[in-house]
Amino acid sequence: QLVESGGGLVQVGGSLRLSCAASGRSASASHMAWFRQAAGKEREFVAAVSRGGEIYYADSVKGRTAVSRDNGKNTLSLQMNSLSPDDTAVYYCAATPRSAFFASRDHLSAQSSYSTWGQGTQVTVSS
């Protein structure tokens, strides 16, 4: 089970830190990622961390976003800075089944790679 927290209302240019807590099993055996879905749009990839620590970002958030995982605490975090209204969405945490140590960006950015999803947390950026 994955549970996200940290969403809310933030002003343009502000920052937000999202957290995802995994329970029921160790997340260290999985790749983990953040996806988001804006109203009326398809869910899209935001950032991912492989078991081996490789990190990938979507171009839309690169340079102002940092994803990290703490295997000891079974958590995944997403620090987002310089937020704009385009970042308004429901943010989802996701985990793959038990996986090999490394994976390609194509694999980690594909929704179909993930078998466990959180319920989502709303992020709203107001101007």
Side-chain angles (χ1 to χ4, degrees):
Q1 183 183 5
L2 302 174
V3 179
E4 303 95 337
S5 61
L9 178 64
V10 63
Q11 299 217 339
V12 170
S15 299
L16 211 59
R17 185 175 182 86
L18 306 181
S19 295
C20 171
S23 63
R25 66 183 181 104
S26 173
S28 63
S30 302
H31 307 308
M32 298 190 74
W34 289 97
F35 289 79
R36 68 185 181 185
Q37 186 169 21
K41 296 186 178 181
E42 294 187 355
R43 189 157 54 185
E44 64 176 7
F45 170 74
V46 176
V49 187
S50 73
R51 282 193 64 197
E54 301 163 302
I55 292 176
Y56 301 100
Y57 296 102
D59 289 343
S60 58
V61 302
K62 195 179 297 182
R64 57 187 184 90
T65 298
V67 64
S68 60
R69 64 188 296 169
D70 185 329
N71 290 332
K73 295 182 179 179
N74 243 11
T75 59
L76 179 72
S77 298
L78 185 70
Q79 175 70 41
M80 300 188 69
N81 304 315
S82 303
L83 289 164
S84 76
D86 289 341
D87 296 312
T88 295
V90 177
Y91 284 72
Y92 297 92
C93 173
T96 64
R98 185 178 183 85
S99 300
F101 214 53
F102 296 107
S104 68
R105 187 185 191 283
D106 285 346
H107 182 74
L108 293 179
S109 63
Q111 295 183 53
S112 58
S113 298
Y114 298 88
S115 58
T116 304
W117 293 82
Q119 83 290 347
T121 185
Q122 175 71 47
V123 172
T124 302
V125 183
S126 66
S127 55

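Positions are given from 1, in the same order as the sequence printed here.
- We find the OG1-CG distance between T75 and D70 to be 4.5 Å, quoted to the nearest 0.5 Å.
- Between R69 and L76, the closest heavy-atom pair is CB-CD1, 4.0 Å.
- Within the 4.5 Å cutoff, side-chain heavy atoms of Q119 are placed close to those of V3.
- At a threshold of 4.5 Å between non-hydrogen side-chain atoms, the residues Q122 and T88 count as touching.
- Annotation for S15 and Q79: closest pair CB-NE2, 3.8 Å, computed over non-hydrogen atoms.
- Contact between V61 and M80 at its shortest, heavy atoms only, is CG1-CE, 4.3 Å.
- Classified by interplanar angle (parallel below 30°, tilted 30° to 60°, perpendicular above 60°), the ring pair Y92/W117 is perpendicular.
- To the nearest 0.5 Å, atom NE2 of residue H31 and atom CG of residue L108 are 5.5 Å apart.
- Side-chain contact between V90 and R43 is absent, with no heavy-atom pair separated by less than 4.5 Å.
- Checked by atom type and distance alone, the side chain of E4 never pairs as donor or acceptor with a backbone atom of C20 at under 3.5 Å.
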Quick one: do F35 and Q111 satisfy side-chain contact (heavy atoms from CB on, under 4.5 Å)? Show the steps, please. CA-CA 8 Å; F35 289 79; Q111 295 183 53; 3.5 Å; yes
Compile the donor-acceptor pairs under 3.5 Å between side chains in residues 97-106 and protein atoms, sequence neighbours left out, one pair per line.
{"unit_1": "S99", "atom_1": "OG", "unit_2": "T96", "atom_2": "OG1", "d": "2.9"}
{"unit_1": "S99", "atom_1": "OG", "unit_2": "P97", "atom_2": "O", "d": "2.5"}
{"unit_1": "S104", "atom_1": "OG", "unit_2": "H107", "atom_2": "N", "d": "3.1"}
{"unit_1": "R105", "atom_1": "NH2", "unit_2": "Y57", "atom_2": "O", "d": "2.6"}

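- You'll find the ring centres of Y56 and F45 outside the 6.0 Å limit.
- The distance from the CZ atom of R17 to the CG atom of N81 is 10.0 Å, given to the nearest 0.5 Å.
- For NZ of K41, the number of neighbouring non-hydrogen atoms (other residues, nucleotides, ligands) closer than 6.0 Å is 12 at most.
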Hey, mind stepping through R51 and N71 against side-chain contact (heavy atoms from CB on, under 4.5 Å) and telling me if it holds? CA-CA 9 Å; R51 282 193 64 197; N71 290 332; over 6 Å; no
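- Closest of all the heavy-atom pairs between C93 and M32 is SG-CE, 3.9 Å.
- When each of V12, L16, D86 is checked for a side-chain contact (heavy atoms from CB on, under 4.5 Å) with V125, only V12 meets the rule.
- Residue S60 holds its OG atom at 7.5 Å from CG of D87, rounded to the nearest 0.5 Å.
- Here CG of L2 is found 9.0 Å from CG of N74. Values are rounded to the nearest 0.5 Å.
- Interatomic distance, E44 CD to R36 CZ, rounded to the nearest 0.5 Å: 4.5 Å.
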